[in-house]
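Order of the sequence lines fixes the chain letters, A, B, ..., with proteins taken first and strands second; residue numbering starts at 1 for each chain.
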Protein chains: 2
Amino acid sequence: MEEKCISKAVIKRLPRYYRYLGELIEEGVERISSNELSEKMRVTASQIRQDLNNFGGFGQQGYGYNVPYLYEEIGKILGLDKTHHMIIVGAGNLGQALANYVKFEKRGFKIVGIFDVNPVLKGISIRGNEIRMMDELPQFLKEQDVEIATLTLPKNNAAETADLLVKNGIRAIWNFAHLDLDVPKDVIVENVHLSESLMRLSYNLNCYENEHEKK
Amino acid sequence: MEEKCISKAVIKRLPRYYRYLGELIEEGVERISSNELSEKMRVTASQIRQDLNNFGGFGQQGYGYNVPYLYEEIGKILGLDKTHHMIIVGAGNLGQALANYVKFEKRGFKIVGIFDVNPVLKGISIRGNEIRMMDELPQFLKEQDVEIATLTLPKNNAAETADLLVKNGIRAIWNFAHLDLDVPKDVIVENVHLSESLMRLSYNLNCYENEHEKK
DNA sequence: TAGATTGTTAATCGATTAACAATC
DNA sequence: TAGATTGTTAATCGATTAACAATC
């Protein structure tokens, strides 16, 4: 149990540590020092040690870190040792793509329902989940224990759908809609704004060009 | 033309400003002060002014900012006044979903080709683009002027595909594969690691629970 | 024990916020 | 002109890096 919620900057880096450790395990690496890991990941060794020590001492002086142990501990911190039930709200292209993505389940994120307003989609099955109509949603959430809702809807009805989800007990929203959701502070929102990501890429293209022109 | 590339923290916020300004335009708002905008966006007015002044003075003392003007200027900074040709490499669920997404084109990101290794997909048309096989890619890139490649492939052949793209003149990669690409420093990489996003959400769920238990 | 490497404190760096003079 | 609000400098805060004592 952590003492308190840790700075966002650190949390942002945790999944990347987890990924690299997973790869090291696959390569059969048993132990690693912060220095070796820092070279692999291109961050400072200092940052690695500082980050990890937010959660307690996972290493051993003179030895380094035990890879499988550290992997598991970070997994626990990220809550990957538990199963999270998830629904997808909005079964358009993106919603369906996410529903088809197998790896989420391997990490403990189990899709238990898919919803849409479009009657054309009703009953279509995606990896064992039939697409349901939105009016079934409140009843569904009463019967099932669902923590996370993935919001893959057009912006215009995303806000009211988020309200509905919160009202029916959803604890976290993975938001792909292009707006900032206004939810009670005990509801987690994690945004994935693809168009903003693409704009940043575009900026960097632009920026590099300008840098170059001057030379 | 900017003097130099600006801090990442600022760039990360630009698309959000752009989005809010776009909404204000739709509402018919002509001018806005940093204070009004700060309330809407829940950031400090100081930050808004500081951010914008990285690119020059867009406002006017005693008046505030002209909304359509500021919107256009930020658009220019983000390179949204130009058309960017883009290909999608990897026509799985996610690749196809992105190919179907209409809004990118509205922002100047035009998809001009879709590629995959799977012969089953060959010739399938998505919004006017037929899926091509990967071996056609080098020739395609010679004939067409493509800046951006969206990488929606499984991790295992993402690295070599990135090399191939770079070798054939791609200037930016929008990377959805779960690995860090190793490219020359003049090639832009913008990562979208969905599973990492989901892990952060999971952490926050976890963290909040622990906070609560203690009470 | 000697060597290695962590955990942790102190120093530096960068980003955010506050304050206010400039000016529309 | 007086009021409002920016642009910008200075102060604060937080995050990163460096250094080193603790210890395996």
Side-chain angles (χ1 to χ4, degrees), chain A residues 2-17 20-21 24 29-74 77 200 203-204 207, chain B residues 2-17 20-21 24 29-74 77 200 203-204 207:
Chain A
E2 302 88 85
E3 277 78 45
K4 54 170 171 156
C5 288
I6 306 299
S7 98
K8 270 192 184 173
V10 176
I11 300 314
K12 219 168 170 243
R13 287 191 290 265
L14 276 190
R16 189 157 176 267
Y17 292 133
Y20 273 84
L21 291 165
L24 286 167
V29 177
E30 259 296 307
R31 53 162 282 211
I32 195 159
S33 71
S34 57
N35 240 305
E36 292 170 277
L37 190 57
S38 90
E39 276 173 36
K40 253 187 146 35
M41 296 186 64
R42 298 179 192 215
V43 296
T44 63
S46 210
Q47 183 167 75
I48 293 175
R49 295 204 297 278
Q50 196 74 276
D51 281 355
L52 295 179
N53 272 86
N54 280 298
F55 305 97
F58 297 134
Q60 195 169 54
Q61 280 101 331
Y63 171 85
Y65 297 89
N66 179 284
V67 175
Y69 171 70
L70 186 55
Y71 179 77
E72 200 182 312
E73 288 303 310
I74 295 181
I77 292 166
R200 281 192 291 274
Y203 169 82
N204 285 314
C207 168
Chain B
E2 301 90 81
E3 277 79 44
K4 55 173 171 150
C5 288
I6 305 299
S7 98
K8 272 193 183 176
V10 175
I11 301 315
K12 226 176 159 231
R13 287 191 288 266
L14 277 190
R16 188 156 176 267
Y17 292 133
Y20 273 84
L21 289 165
L24 286 167
V29 178
E30 260 294 308
R31 54 162 281 213
I32 195 159
S33 71
S34 57
N35 240 307
E36 293 169 279
L37 189 57
S38 90
E39 276 173 37
K40 252 186 146 37
M41 296 186 64
R42 297 179 192 218
V43 295
T44 62
S46 211
Q47 183 166 73
I48 293 174
R49 295 202 300 275
Q50 197 74 275
D51 282 355
L52 296 178
N53 273 84
N54 280 298
F55 306 97
F58 297 134
Q60 195 169 53
Q61 281 100 328
Y63 171 85
Y65 297 89
N66 179 284
V67 174
Y69 171 70
L70 185 57
Y71 179 78
E72 200 182 312
E73 288 303 311
I74 294 181
I77 293 167
R200 281 193 291 275
Y203 169 82
N204 286 315
C207 168

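- Contact between the side-chain N/O atoms of R49(A) and the OP1/OP2 oxygens of dA18(D) is not found at any separation under 4.0 Å.
- In this structure, CD on Q50(B) lies 9.5 Å from CZ on R13(B), to the nearest 0.5 angstrom.
- Atom CG in L14(A) sits about 14 Å away from atom P in dA15(D), given to the nearest Å.
- Rounded to whole Å, the distance from CD1 on I11(B) to C1' on dA15(C) is 14 Å.
- Of all nucleotides present, only dA4(C) satisfies the Watson-Crick or G-U wobble test against dT23(D), with each distance under 3.5 Å.
- Looking at T44(B) and Q47(B), their side chains never bring a donor and an acceptor atom within 3.5 Å of each other.
- Comparing atom distances between the T44(A) side chain and each of dT6(C), dT17(D), dT16(C) picks out dT17(D) as nearest.
- In this structure, the CG atom of L52(B) is 14 Å from the C1' atom of dT8(D), given to the nearest Å.
- Proximity of S34(B) to the phosphate of dT6(D): a side-chain N or O atom is located under 4.0 Å from OP1 or OP2.
- In terms of modelled atom types and a separation under 3.5 Å, the side chain of N54(A) and the main chain of D51(A) share a donor-acceptor contact.
- Two residues, Q61(A) and K8(A), neighbour DNA chain D, and the one matched to the more 5' nucleotide by heavy-atom proximity is K8(A).
- In terms of position along DNA chain D, the nucleotide closest to V10(A) lies nearer the 5' end than the nucleotide closest to the other residue of the pair V10(A) and Q60(A).
- Proximity of Y65(A) to the phosphate of dG7(C): a side-chain N or O atom is located under 4.0 Å from OP1 or OP2.
- Counting to the nearest Å, the P atom of dT8(D) and the CZ atom of F55(B) are 14 Å from each other.
- Look at Y63(A) and you won't find any side-chain N or O under 4.0 angstrom from OP1 or OP2 of dG7(C).
- Counting atom types as modelled, Q50(B) pairs a side-chain N or O with a base atom of dT9(D) as donor and acceptor under 3.5 Å.
- Atom pair F58(B):CZ and dC24(C):C1' shows a separation of 18 Å (rounding to whole Å applied).
- Listed nucleotides: dT5(D), dT8(D), dG7(C). Nearest to the side chain of N53(B): dT8(D).
- Distance check, rounded to the nearest 0.5 Å: CZ of F58(A) to CG of L52(A) gives 7.0 Å.
- Here CD1 of I74(B) is found 5.0 Å from CG of L21(B). Values are rounded to the nearest 0.5 Å.
- Nucleotide dA18(C) is matched to dT9(D) when pairs are restricted to Watson-Crick or G-U wobble geometry with both distances under 3.5 angstrom.
- Spacing between atom CD of Q47(A) and atom P of dT8(C) amounts to 17 Å, rounded to whole angstrom units.
- When heavy atoms are screened at a 4.0 angstrom cut-off, S46(B) is found touching base atoms of the nucleic acid.
- When the side-chain nitrogen and oxygen atoms of R31(A) are compared with OP1 and OP2 of dT6(C), none of them lie within a distance under 4.0 Å.
- For the pair Y69(A) OH and dT6(C) C1', the computed distance is 14 Å after rounding to whole Å.
- A straight line from CG of N54(A) to C1' of dG14(D) spans 13 Å, rounded to a whole angstrom.
- Separating the CD1 atom in I77(A) from the CD1 atom in I11(A) is a distance of 8.0 Å, to the nearest 0.5 Å.
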